[in-house]
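Quick notes on the structure that follows.
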Amino acid sequence: MNTQSPNGEFAGSVGLVTGAGRGIGFAIVDELLKYGACVSLLDISEETGNKAISELEIKYKSSSSRLLFIKCDVTNKIEFEDAFKKTIEKFGKINIVVNNAGIMTKYITSWELAIDLNYKAVVHGTILGLKYIENKIDRNSAVINVASIVGLSNSILPMYQSTKRAVIEFTKSIGCLFNTKAHENNVRVMAICPGPTFDGLDNNIDEKNSLEHEIQELITSGEETPNPNRVIIIQNSDYYKAAFLHVMKNGQSGDIWIAENKEPARLTHFYTQY
Ligand SMILES: NC(=O)C1=CN([C@@H]2O[C@H](COP(=O)(O)OP(=O)(O)OC[C@H]3O[C@@H](n4cnc5c(N)ncnc54)[C@H](O)[C@@H]3O)[C@@H](O)[C@H]2O)C=CC1
Ligand SMILES: CCCCC/C=C\C=C\C(=O)C/C=C\C/C=C\CCCC(=O)O
């Protein structure tokens with residue numbers, strides 16, 4: 001049975017990934033499996049989750065013993081904590097939590113869902129991570145919160161931007177040295193801010209160009225003095241995978257990383273400006 005990858009950097013690790021049925025969440029699960037971890041995929045959609053599981057079972061041949069799908073709405077606090085318990089029941093522990101599930105909303109559409117899913121569920125997932133991850137120094141243990149470059153910029157998406165900015169501020173603060181010392185917490189809490197990341201667009205150049213154009217407009221509309229050199233390129237989730245791996249290996253608690261424009265992950269630096 002193929003339960004270990006050849007080099008297995010994550011062999012012995014157990015990951016729990018939210019919104020894992022497709023997109024960035026699915027890519028993270030793929031990466032964790034590739035390097036030997038056991039993984040729980042949480043998704044609100046049973047159909048999406050089952051499709052993901054089938055695809056991964058084919059790719060990793062008989063790796064079903066390393067995979068668990070849990071239908072879970074992460075905005076439901078009881079369901080979310082149950083998913084942690086089910087994961088520990090199956091795999092014995094959890095040491096990597098990826099709070100990825102989120103929705104992109106324009107203007108103020110679905111504003112309450114944006115707060116509940118993009119922010120409150122990430123806070124809850126972090127609290128559960130700190131509760132259930134064994135509190136010892138282990139470079140493979142971490143809570144990773146998926147934010148967005150929009151959370152760092154002056155875009156014009158009131159709900160999406162503010163919830164992502166909130167995730168960034170929460171992660172910086174809960175992961176900072178003061179809090180990790182005060183609360184004797186050895187688990188790293190970090191965030192990664194992806195730029196636009198979509199699979200399957202390389203063969204659909206018109207759609208890709210039109211999305212890039214729309215995004216470029218968003219960027220310039222949000223800036224008082226737009227930076228003429230700011231260009232956003234749509235990347236595929238392989239670039240996010242590389243960033244995830246880099247952050248897992250090199251990241252420090254409280255770090256906020258950027259993964260955009262097909263570039264290697266880079267650390268964000270914050271300066272006090274008032
Ligand atoms: N795709 C992109 O360009 C970027 C995405 N992000 C962030 O990355 C994360 C993932 O984005 P995508 O891969 O694009 O998302 P997606 O929309 O492709 O997939 C999201 C998954 O989450 C699931 N989901 C939705 N609500 C849920 C809930 N209440 N509980 C559990 N699962 C739920 C969906 O069923 C779906 O399978 C989000 O937080 C998004 O804001 C950030 C920057 C760029
Ligand atoms: C305009 C519609 C974009 C649809 C994209 C769907 C989901 C995207 C989620 C993101 O988090 C997208 C990330 C970045 C692109 C959007 C704006 C970039 C603004 C960045 C800047 O001001 O520098």
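Each ligand, and each atom within it, is numbered from 1 in the order the structure gives. Reckoned from all heavy atoms, side chains included, excluding hydrogens, waters and symmetry mates.
Across the listed options Asn100, Ile24, Val17, Asn100 owns the non-hydrogen atom lying nearest to atom 9 (C) of ligand 1. For atom 40 (C) of ligand 1, the choice among Phe80, Tyr160, Tyr240 with the nearest heavy atom turns out to be Tyr160. Nearest-heavy-atom check against atom 16 (P) of ligand 1 across Arg22, Glu47, Lys164, Glu79 picks out Arg22.
For the pair Tyr160 and ligand 2, the shortest N or O to N or O distance falls below 3.5 Å. Close N/O approach between Ser148 and ligand 2 is found [any backbone or side-chain N/O within under 3.5 Å]. Some N or O of Ser153 is nearer than 3.5 Å to an N or O of ligand 2, by distance alone.
Each of the following atoms of ligand 2 lies closer than 4.0 Å to a heavy atom of Val150: 13 (C), 14 (C), 16 (C), 17 (C). Taking every non-hydrogen atom of Leu218 and a distance limit under 4.0 Å, the qualifying atoms of ligand 2 come out as 1 (C). Close contacts between ligand 1 and Asp73 involve ligand atoms 28 (C), 29 (N), 30 (N) [criterion: under 4.0 Å to a heavy atom]. Every atom of ligand 2 is numbered from 1 in the order shown, and the set under 4.0 Å from a heavy atom of Ile215 is 3 (C), 15 (C), 16 (C), 17 (C), 18 (C).
Stacking of Lys34 on the aromatic ring of Tyr60 is not recorded, the 6.0 Å distance cut-off and the 45° axial limit not both being met.
Shown here, atom 26 (N) of ligand 1 is in close reach of the protein: a heavy atom of it lies under 4.0 Å off.
For the residue pair Asn99/Asn145, the side-chain donor-acceptor check at 3.5 Å is satisfied.
Proximity of Lys164 to ligand 2, defined as any heavy-atom pair under 4.0 Å, is not found for any part of the residue.
Between Ser40 and the options Val29, Ile70, Val14, a side-chain contact (heavy atoms from CB on, under 4.5 Å) holds for only Ile70.
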